[in-house]
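Every chain is numbered from 1 and lettered A, B, ... according to where its sequence line falls, protein lines coming before strand lines.
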Amino acid sequence: MDFNDTPQEATFRKEVRAWLEANAKPKSATGFSAENPRFQRNETEALKIAKAWQAKKAEKRYARITWPTENGGLGGTPIQQVVYNQEESKFDVPSGFFEIGLGMCIPTVTHYASKDVAARYVKPALYGEEIWCQLFSEPSAGSDVAGLKTRAEKDGDDWVINGQKVWTSGAHYSDYGILLTRTDPNVPKHKGLTMFYLSMKSPGVEVRPIKQMSGGANFNEVFFTNVRIPDSQRLGNVGDGWGVALTTLMHERLAVGGGQGGSGADVNELLALARETELEDGPAIRNASVRERIAEWYVRGQGLKYTTYRTLTALSQGRVPGPEASIAKVVVAPKMQDLASFGMDLEDMGGVMVGEDSPMLGAFQQSFMWAPGLRIAGGTDEILKNIIAERVLGLPADIRVDKDIPYNKLPTGR
Amino acid sequence: MNFDFSDDQKMLKDQARKFLTEKCPTKVVRKILESDEPYDKALWKQIGEMGWLGTAIPEEYGGLGLGHLELCVIAEELGRAAAPVPFSSSVYLATEALLIAGSDAQKKKYLPKLASGEWIGTFAIAEGPQPPSPKTIKATFKGGKLDGTKTPVPDGDVADFAVVLAKSADGAGERSLSLAIVDLKGAGVSRRAVKTIDPSRSQAELSFKGAAADALGPAGDGWDLAKRVLDRAAVLMAFEQVGGADACLVMAKDYALNRYAFGRTIASFQAIKHKLADMYVLNELARSNAYFGAWALSTNAADLAEAAAGARISATDAFHNASKENIQTHGGMGFTWELDCHLYYRRSKVLSLALGASRVWKDRLVNHLEKKNVA
Ligand SMILES: Cc1cc2nc3c(=O)[nH]c(=O)nc-3n(C[C@H](O)[C@H](O)[C@H](O)COP(=O)(O)OP(=O)(O)OC[C@H]3O[C@@H](n4cnc5c(N)ncnc54)[C@H](O)[C@@H]3O)c2cc1C
Ligand SMILES: Cc1cc2nc3c(=O)[nH]c(=O)nc-3n(C[C@H](O)[C@H](O)[C@H](O)COP(=O)(O)OP(=O)(O)OC[C@H]3O[C@@H](n4cnc5c(N)ncnc54)[C@H](O)[C@@H]3O)c2cc1C
């Protein structure tokens with residue numbers, strides 16, 4: 001067991017550090033300065049900055065450290081990726097926009113499409129020139145995404161798509177999407193699905209932003225009216241869409257779980273807040289109940305971090321990681337919600353204020369309003385616990401009332 | 001970075017597990033729980049013969065000269081088995097105290113006997129139902145004599161010697177405390193076994209009346225040394241707790257899969273599935289925090305105190321949760337003396353208090369965070 005960098009890792013860290021110093025600004029003392037691109041509220045502007053940064057990273061092959069060099073990666077190890085992330089987190093750089101594409105869609109495309117097709121899409125995505133979205137959830141199919149309705153019907157060499165997706169993050173600025181459809185309603189629901197990719201500019205695709213409870217509008221409804229997709233854009237066999245989707249979802253849980261809160265609040269912010277907040281009996285940082293909570297969340301966060309390191313160690317030794325990686329999101333999301341709420345409590349009556357009137361540009365308020373979404377996106381807490389219980393612990397699956405019934409005979413609610 | 005145990009260490013762990021599965025099934029724990037026997041002497045003897053007691057003791061002092069990582073994997077298995085032996089007192093506490101504070105003569109005198117199991121050592125700091133601190137400690141160590149009462153002292157009824165934290169100068173500050181090492185069979189020492197919630201591990205009240213004792217480490221360093229000993233013990237005990245927590249999860253899972261209610265196994269009810277998933281999550285977090293502690297302990301890292309606190313808080317939380325929810329999963333059966341659930345429930349609470357309650361460790365952890373992050 002050795003927690004320090006190997007000589008190679010240390011060299012790599014130095015290189016990364018030097019490159020970041022030459023290309024980005026170090027974080028201000030608390031990381032919460034208005035200049036931090038993460039606080040760019042204008043989406044068009046934020047997207048421009050993010051694309052420029054992504055292109056720079058890709059040019060240096062830092063955009064995806066573990067991808068093979070022929071795909072524009074560095075051909076590096078997962079541990080090198082962590083080293084990079086650790087160093088990058090000390091700088092004011094943009095985040096978001098590309099994770100869904102690079103973390104889930106592109107791996108699915110490279111897994112199922114021909115080499116030539118993959119080559120066409122991988123680099124533009126890596127350089128931030130083309131953005132991808134994930135078109136799975138529907139109004140009546142979220143946790144139970146295999147219950148989706150959107151139809152794909154064969155017409156010559158094309159498929160014709162009709163239906164609706166919902167909660168599609170980033171659809172409004174995406175260039176491509178991977179799309180899960182129903183190709184056969186006469187068989188049980190998991191068996192009649194097929195996956196495609198398509199241009200979001202295809203005729204018949206209409207994107208309507210949905211305003212979130214947090215006030216932003218990062219997710220969308222996407223309507224499909226007689227959208228034609230050539231059969232060459234199918235990913236996997238007809239009827240095998242569920243298997244393809246599982247590949248994507250596996251990547252999703254790792255990606256969502258691994259990501260940090262971005263511009264939100266975590267233990268460091270809580271420590272900083274507790275330092276600057278005066279309670280009735282002195283500084284909050286001296287208050288025993290405050291200290292207990294800080295310690296509890298810190299330990300959870302560290303536990304998760306070291307769990308990731310265990311996973312990485314297994315990967316770097318060529319072993320299959322244990323199931324421990326599956327715990328990430330179910331720890332991160334509720335923690336974010338509770339921690340943010342507690343931070344606002346420390347601010348007391350003033351905790352209602354957001355943005356510049358609030359400590360750290362309203363980081364706690366922002367996390368408070370975003371956390372409910374994180375507990376749902378990419379698999380709800382409940383679904384993730386089912387997954388841990390069933391796949392990790394080997395407990396029986398829930399008793400299903402829909403297993404062997406053809407899709408079009410299933411009961412539906414609202 | 002390599003965040004895993006080596007193949008040799010994993011092999012040692014497998015051996016330990018096999019050995020304890022055979023020699024220490026829960027009926028062995030129960031035998032101690034239900035009798036006046038303070039610990040399982042046969043098991044203790046065999047553990048000594050395997051060399052486990054001297055795992056981290058250098059060869060020149062009669063140990064195996066392996067290291068703390070090896071001790072961690074053994075600790076996990078002892079926890080899984082809820083072994084009724086004075087391992088933690090003798091190995092995590094007395095041995096570590098001697099290793100960090102003992103003079104060469106003291107090491108020569110005590111360590112070989114600790115390694116062989118001939119002597120049992122313990123660490124006496126508590127003085128009744130409140131946290132020991134420079135303000136509350138009353139026992140004194142002056143002119144080579146110990147006076148006062150320490151209770152409860154784990155394995156105090158069977159230990160051959162104790163490392164005692166006592167006042168050696170006037171005032172209430174940290175510098176007023178020193179460590180002393182005392183022969184518990186000598187004059188001026190009386191002891192009385194106390195009843196505890198976990199009779200599978202014995203504890204005692206030690207009373208000193210002018211008992212001759214030897215200083216361990218410099219005068220005035222007692223509080224600081226005690227904290228360092230506790231940090232080291234916390235990492236090792238965290239592994240014991242992780243082992244126990246894992247045993248509870250396995251028990252709960254096995255029971256749930258085989259217990260039928262409402263025409264199906266109770267493992268198919270989501271309330272039970274989510275309960276076990278929560279257990280798994282806390283156990284994994286605890287394991288990962290313990291690994292970091294193991295690394296910090298084995299390398300004497302500057303972060304050791306922080307890592308130890310993290311390991312301890314996480315492991316205490318996981319074992320407490322797993323031991324109580326294991327009972328819950330067993331329904332009425334879980335509340336019986338006959339089932340083993342309560343062995344772990346008792347043990348989890350004893351371990352969670354043994355080195356000081358989580359509340360205290362959380363405070364210490366934040367002290368370290370404050371020092372580190374001068375935001
Ligand atoms: C911020 C955000 C971004 C998103 N981005 C995308 C995206 O880019 N692409 C995409 O395809 N989707 C996206 N989603 C959709 C997301 O995957 C779904 O919202 C999620 O899977 C839950 O589905 P649902 O909303 O239909 O809720 P439902 O499935 O209706 O769930 C409602 C409640 O019932 C519970 N529940 C459902 N089934 C079970 C069960 N078997 N056992 C126990 N409890 C159960 C759920 O846990 C939840 O609490 C996003 C969602 C959010 C909030
Ligand atoms: C101190 C004590 C006193 C008692 N006194 C009496 C008495 O005087 N008279 C009497 O008749 N009984 C008595 N009981 C029995 C008590 O009512 C049962 O123990 C209790 O109903 C649970 O049943 P069980 O033990 O069979 O557990 P099980 O039913 O086997 O339950 C095991 C676990 O599965 C869970 N579980 C079971 N079914 C479901 C479900 N559908 N959904 C989710 N979870 C489920 C339970 O919550 C539990 O965690 C007593 C029990 C105790 C502990």
Visitor: Against chain A, label B:Ser314 side chain, backbone, both or neither, depending on which of its atoms sit under 4.5 Å from a heavy atom there.
Guide: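 Both parts, heavy atoms under 4.5 Å.
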Visitor: Got more than 12 heavy atoms from elsewhere within 6.0 Å of OH, A:Tyr309?
Guide: yes
Visitor: Identify which part of B:Phe5 has an atom lying under 4.5 Å from any heavy atom of chain A, answering side chain, backbone, both or neither.
Guide: both
Visitor: With a sphere of 6.0 Å drawn around NZ of B:Lys10, does it hold more than 12 non-hydrogen atoms of other residues, nucleotides or ligands?
Guide: yes
Visitor: Pick one of side chain, backbone, both or neither for A:Val392, based on which atoms fall under 4.5 Å of a heavy atom in chain B.
Guide: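 Answer is side chain: those atoms of A:Val392 sit under 4.5 Å from chain B.
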Visitor: For chain A, find which of B:Val281, B:Asp4, B:Ile313, B:Ile272 contributes the most heavy-atom pairs closer than 4.5 angstrom.
Guide: B:Asp4
Visitor: Under 4.5 Å from any heavy atom of chain A, what part of B:Ser298 do you find: side chain, backbone, both or neither?
Guide: neither
Visitor: Under a 4.5 Å heavy-atom cut-off, does chain B meet the side chain of A:Asp5, its backbone, both or neither?
Guide: backbone
Visitor: Below 4.0 angstrom, N of the basic side chain to O of the carboxylate: do A:Glu390 and B:Lys273 qualify?
Guide: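 A salt bridge links A:Glu390 with B:Lys273.
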Visitor: Which bit of B:Ser268 is near chain A, if near means a heavy-atom gap under 4.5 Å: side chain, backbone, both or neither?
Guide: both
Visitor: Is the number of heavy atoms from other residues, nucleotides or ligands under 6.0 Å of B:Lys324 NZ greater than 12?
Guide: yes
Visitor: For A:Asn386, is it the side chain, the backbone, both, or neither that has a heavy atom closer than 4.5 Å to a heavy atom of chain B?
Guide: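 Both backbone and side chain of A:Asn386 come within 4.5 Å of chain B.
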Visitor: Minimum heavy-atom separation for A:Glu382 to B:His274, with atom names?
Guide: O-NE2, 3.3 Å
Visitor: Tell me, out of A:Ile294, A:Ile285, A:Thr6, who's got the most heavy-atom pairs with chain B below 4.5 Å.
Guide: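 The option with the most such pairs is A:Ile285.
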Visitor: State whether the side chain of B:Asn2 and the backbone N or O of A:Phe3 hold a donor-acceptor pair below 3.5 Å, judged by distance alone.
Guide: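 Here the side-chain-to-backbone pair does not exist.
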Visitor: Please state whether the side chain, the backbone, both or neither of A:Ala397 comes within less than 4.5 Å of a heavy atom of chain B.
Guide: backbone
Visitor: Any idea which heavy atoms bring B:Ser288 and A:Thr307 closest together, and the distance?
Guide: OG-OG1, 2.6 Å
Visitor: Which bit of A:Val330 is near chain B, if near means a heavy-atom gap under 4.5 Å: side chain, backbone, both or neither?
Guide: side chain
Visitor: Report the option among B:Trp295, B:Tyr280, B:Phe269 that has the most heavy-atom pairs separated by less than 4.5 Å from atoms of chain A.
Guide: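 Between B:Trp295, B:Tyr280, B:Phe269, the count favours B:Trp295.
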Visitor: Do the non-hydrogen side-chain atoms of B:Leu257 and A:Pro396 ever get within less than 4.5 Å of each other?
Guide: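 The answer is yes, as the side chains (C-beta and beyond) meet within the 4.5 Å cut-off.
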Visitor: Considering only heavy atoms from C-beta outward, does the side chain of A:Tyr298 approach that of B:Glu306 to under 4.5 Å?
Guide: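 Counting from C-beta outward, A:Tyr298 and B:Glu306 do come under 4.5 Å.
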Visitor: Does atom NE2 of B:His320 have more than 12 heavy-atom neighbours from other groups under 6.0 Å away?
Guide: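 Counting neighbours around NE2 of B:His320, 12 or fewer heavy atoms of other residues, nucleotides or ligands fall under 6.0 Å, so no.
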Visitor: Mind listing the closest non-hydrogen atom pair of A:Leu393 and B:Ala277 along with its distance?
Guide: CD1-N, 4.0 Å
Visitor: Please determine whether side chain to side chain contact (heavy atoms under 4.5 Å, CB included) holds for the pair B:Thr299 and A:Asp2, giving the CA-CA distance in whole Å, both sets of side-chain angles, and the decisive distance to 0.1 Å.
Guide: CA-CA 9 Å; B:Thr299 56; A:Asp2 186 0; 5.7 Å; no
Visitor: Do other residues, nucleotides or ligands put more than 12 heavy atoms under 6.0 Å from the CD atom of A:Glu356?
Guide: no
Visitor: Counting heavy-atom pairs under 4.5 Å with chain B, which one of A:Glu296, A:Gln302, A:Lys305 comes out on top?
Guide: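 Most heavy-atom pairs under 4.5 Å with chain B: A:Glu296.
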Visitor: May I ask you to decide whether B:Asp278 forms a salt bridge with A:Lys385, counting only side-chain N to carboxylate O separations under 4.0 Å?
Guide: yes
Visitor: Any side-chain heavy atom of B:Asp317 sitting closer than 4.5 Å to one from A:Val299?
Guide: no
Visitor: Give me the contact list for residues 360-367 of chain B versus chain A, heavy atoms only, anything under 4.5 Å, ordered by residue number.
Guide: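 Only B:Lys362, B:Asp363, B:Leu365, B:Val366, B:Asn367 of residues 360-367 of chain B have a heavy atom under 4.5 Å from chain A.
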Visitor: Kindly indicate whether the side chain of B:Gln270, heavy atoms from C-beta on, has any atom under 4.5 Å from the side chain of A:Asp398.
Guide: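 B:Gln270 reaches A:Asp398 side chain to side chain.
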Visitor: Is there a side-chain contact between B:Tyr291 and A:Tyr306 in this structure, where contact means two heavy atoms from C-beta onward sitting under 4.5 Å apart?
Guide: no
Visitor: Please determine, among A:Leu395, A:Val331, A:Ile388, the option with the most heavy-atom pairs under 4.5 Å with chain B.
Guide: A:Leu395
Visitor: Where on A:Arg300 is there a heavy atom nearer than 4.5 Å to chain B: the side chain, the backbone, both, or neither?
Guide: both
Visitor: Check each atom of A:Gln317 against the heavy atoms of chain B and say whether the ones under 4.5 Å are side chain, backbone, both or neither.
Guide: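 For A:Gln317, side-chain heavy atoms alone lie under 4.5 Å from chain B.
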Visitor: Are the side chain of A:Arg291 and the backbone N or O of B:Arg359 linked by a donor-acceptor pair below 3.5 Å?
Guide: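 No, A:Arg291 side chain to B:Arg359 backbone: no donor-acceptor pair under 3.5 Å.
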Visitor: Please say whether more than 12 non-hydrogen atoms of neighbouring residues, nucleotides or ligands are located less than 6.0 Å from NZ in A:Lys90.
Guide: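 Result for NZ/A:Lys90: enclosed.
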Visitor: Counting only heavy atoms closer than 4.5 Å, note whether A:Ile79 contacts chain B via side chain, backbone, both or neither.
Guide: side chain
Visitor: Is the closest side-chain heavy-atom distance between A:Arg310 and B:Arg287 below 4.5 Å?
Guide: yes
Visitor: Checking heavy atoms, do the side chain of A:Glu9, its backbone, both or neither come under 4.5 Å from chain B?
Guide: side chain
